[in-house]
Amino acid sequence: MEYWIWLSLLPYIGPVTANRLLEHFEDPSRVYHAEIPELVKVKGITGRQVQSIAENKSLDHIWKLMDSCEKNDISILLKNDVRYPKRAKILEDAPVVLYYKGHFQDMKDPVAIVGARRCTQEAKYKAVNLAEQYTKSGQTIISGMAKGIDSYAHTACLKAEGYTVAVVGNGLDICYPSEHKKLMDCIIEKGVLLSEYPPGIRPSRYTFPRRNRLISAWAERIIVIAPGKGSGALITAEYGRKYGRQVDIIL
């Protein structure tokens with residue numbers, strides 16, 4: 001596991017290059033021990049990326065990270081795990097490591113419901129109604145645990161005794177927004193809290209687009225409710241179209 005985490009945290013190595021390295025070497029430990037002449041043969045790799053791999057041959061920070069995960073009850077999901085959905089792992093930018101709290105179960109036709117943080121009562125009703133309908137049909141509800149539409153969708157799913165996945169843009173030792181601590185605890189108990197980020201990483205304008213990408217990757221269908229111009233919900237929709245998902249926007 002330590003080599004997987006090492007690969008996922010290498011400077012200048014994003015998910016696309018990490019997946020190319022895995023395709024070439026098959027195992028992250030072989031990437032770790034590879035010499036420069038072997039690394040330069042990887043499709044699309046740059047000189048800076050080769051240098052990053054060659055200069056970062058220590059696992060000390062990985063052991064510390066794994067200790068932090070254990071202390072915070074954070075589990076680690078590797079891309080080769082059978083619980084990692086096929087629809088998500090086949091994508092070229094699939095994260096090779098994810099962090100989670102909660103439990104995994106079979107996700108039947110997962111639907112992402114995302115939208116405005118500040119919304120009307122009508123938009124709230126639409127989110128709650130749709131989440132309830134899909135939950136009652138046995139489908140998984142995916143969202144981002146943000147204020148507004150996201151939280152309404154998660155809450156409606158939980159009240160209907162369904163299974164929900166919350167994808168967040170920070171380490172799982174942090175609750176964001178802080179007022180959603182009770183909701184977060186309920187999701188961990190009855191669903192799964194998921195992040196691409198290790199403990200200690202705070203939310204920022206850089207982390208949320210990657211969170212939105214992950215929501216799209218794990219869903220079969222994406223419903224966007226009352227999105228604002230340039231909002232994260234529309235970024236989720238853009239990724240959904242890129243990944244070939246069904247995308248519906250409800251104004």
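This chain uses plain numbering: 1 for the first residue, then up along the sequence.
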Lys181 and Asp185: salt bridge (Lys or Arg N to Asp or Glu O under 4.0 Å), yes or no, with the steps? CA-CA 6 Å; Lys181 181 64 168 64; Asp185 290 342; 2.9 Å; yes
List the steps and the verdict of side chain to side chain contact (heavy atoms under 4.5 Å, CB included) for Arg20 and Ile45. CA-CA 8 Å; Arg20 287 176 179 172; Ile45 199 165; over 6 Å; no
Is there a salt bridge (Lys or Arg N to Asp or Glu O under 4.0 Å) between Glu238 and Lys242 once you walk through the steps? CA-CA 6 Å; Glu238 289 173 11; Lys242 175 184 175 182; over 6 Å; no
Leu7/Leu22 under side chain to side chain contact (heavy atoms under 4.5 Å, CB included): CA gap, chis, key distance, verdict: CA-CA 9 Å; Leu7 177 61; Leu22 284 175; 3.8 Å; yes
Side chain to side chain contact (heavy atoms under 4.5 Å, CB included) between Glu220 and Val111: does it pass, once the steps are laid out? CA-CA 6 Å; Glu220 289 282 4; Val111 179; over 6 Å; no
Please lay out, stage by stage, how Met184 and Val168 fare under the test side chain to side chain contact (heavy atoms under 4.5 Å, CB included). CA-CA 10 Å; Met184 184 179 79; Val168 300; over 6 Å; no
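Atom CD of Glu2 has more than 12 heavy atoms from other residues, nucleotides or ligands within 6.0 Å. The number of heavy atoms from other shown groups lying within 6.0 Å of NZ (Lys41) does not exceed 12. When the shell of 6.0 Å around CZ of Arg202 is examined, it contains 12 or fewer heavy atoms from other residues, nucleotides or ligands. Within 6.0 Å of CD1 on Ile249 lie more than 12 heavy atoms contributed by other residues, nucleotides or ligands.
Side chain of Ser195 to backbone of Gly171: no donor-acceptor contact under 3.5 angstrom is found. Listed for the Asn56 side chain is a donor-acceptor partner under 3.5 Å among the backbone atoms of Ser52. When atom types are taken as modelled, the side chain of Thr207 and the backbone of Pro203 share no donor-acceptor pair closer than 3.5 angstrom. A donor-acceptor pair is defined here as one N or O able to donate and one able to accept, closer than 3.5 Å; no such pair exists between the side chain of Tyr134 and the backbone of Thr140. Remark: the backbone N or O of Ser143 is not paired with any side-chain donor or acceptor of Asp150 at under 3.5 angstrom. In this structure, the side chain of Lys101 engages the main chain of Asn72 through a donor-acceptor pair within 3.5 Å. No donor-acceptor distance shorter than 3.5 angstrom exists from the side chain of Thr17 to the backbone of Gly14, with no hydrogens or angles considered. Side-chain N or O atoms of Glu132 include none that pairs as donor or acceptor with a backbone N or O of Asn129 at under 3.5 Å. Side-chain atoms of Arg211 come within 3.5 Å of backbone atoms of Gly144 as a donor-acceptor pair (strictly under, hydrogens ignored). Judged purely by atom type and a 3.5 angstrom limit, Arg245 uses its side chain to pair as donor or acceptor with the backbone of Ala217.
Between Lys43 and Glu23 there is no salt bridge, since none of the side-chain N atoms of the basic residue sits less than 4.0 Å from a carboxylate O of the acidic one. By the 4.0 Å N-to-carboxylate-O rule, Lys147 lies close enough to Glu179 to be salt-bridged with it.
The shortest distance between side-chain heavy atoms of Leu9 and Ile62 falls below 4.5 Å. The shortest distance between side-chain heavy atoms of Leu77 and Val97 does not fall below 4.5 Å. Side-chain contact between Asp93 and Tyr243: present, with at least one pair of heavy atoms (C-beta onward) separated by less than 4.5 Å. Two residues are said to be in side-chain contact when any heavy atoms from C-beta on lie closer than 4.5 Å; Gln139 and Arg221 fail this criterion. With contacts defined as side-chain heavy-atom distances shorter than 4.5 Å, the pair Leu214/Tyr239 does not qualify. With contacts defined as side-chain heavy-atom distances shorter than 4.5 Å, the pair Trp6/Ile53 qualifies. Here the side chains of Tyr100 and Leu194 are in contact, with some heavy-atom distance below 4.5 Å. Side-chain contact between Pro15 and Arg213 is present, with heavy atoms from C-beta onward closer than 4.5 Å.
Across all non-hydrogen atoms, the minimal contact from His154 to Val165 is CE1-O, 3.2 Å. Nearest heavy atom pair, residue Ala94 against residue Ala88, reads CB-O, 3.3 Å. Nearest heavy-atom pair across Lys108 and Gly138 is CB-O, 3.6 Å. Taking both residues in full, the closest heavy atoms of Val114 and Ala233 are given as CG2-CB, 4.1 Å, listed atom of the first, atom of the second, then distance. A pairwise comparison of heavy atoms in Pro199 and Ile74 identifies CB-CD1, 4.0 Å as the closest pair. Minimum heavy-atom separation, Ser8 to Val96: CB-CG2, 3.8 Å.
The hydrophobic clustering, which links ILVMFWY residues whose side-chain heavy atoms are closer than 4.5 Å, places Ile174 and Val192 apart. Both Leu251 and Val224 are assigned to one and the same hydrophobic cluster, defined by single-linkage of ILVMFWY side chains at heavy-atom distances under 4.5 Å. Under the 4.5 Å side-chain heavy-atom criterion for grouping Ile, Leu, Val, Met, Phe, Trp and Tyr, Ile142 is connected to Tyr163 within one hydrophobic cluster. In this structure, Trp4 is a member of the same hydrophobic cluster as Phe25, with clusters built from ILVMFWY side-chain heavy atoms closer than 4.5 Å. Tracing side-chain contacts under 4.5 Å through hydrophobic residues (I, L, V, M, F, W, Y), one never reaches Ile223 starting from Tyr125; they form parts of separate clusters.
Put simply, CG on Leu172 and OH on Tyr99 are 9.5 Å apart, with the number rounded to the nearest 0.5 Å. To the nearest 0.5 Å, atom CH2 of residue Trp63 and atom OG of residue Ser58 are 10.5 Å apart. In this structure, CG on Leu39 lies 8.0 Å from NE2 on His24, to the nearest 0.5 angstrom. Rounding to the nearest 0.5 angstrom, the gap separating the CD atom in Glu122 from the OG1 atom in Thr120 is 5.5 Å. Remark: Ile141 CD1 to Ile187 CD1 distance equals 12.0 Å, nearest 0.5 Å. Atom CG of Leu21 is separated from atom CD of Gln49 by 8.0 Å, given to the nearest 0.5 angstrom.
Taking the six-membered ring where tryptophan is involved, the planes of His33 and Tyr3 are tilted, since the angle between them lies from 30° to 60°. In this pair, Tyr176 and Phe208 present their aromatic rings tilted. The plane angle is within the 30 to 60° band.
Ring centroids of Trp218 and Tyr84 are separated by less than 6.0 Å, placing the two rings close together.
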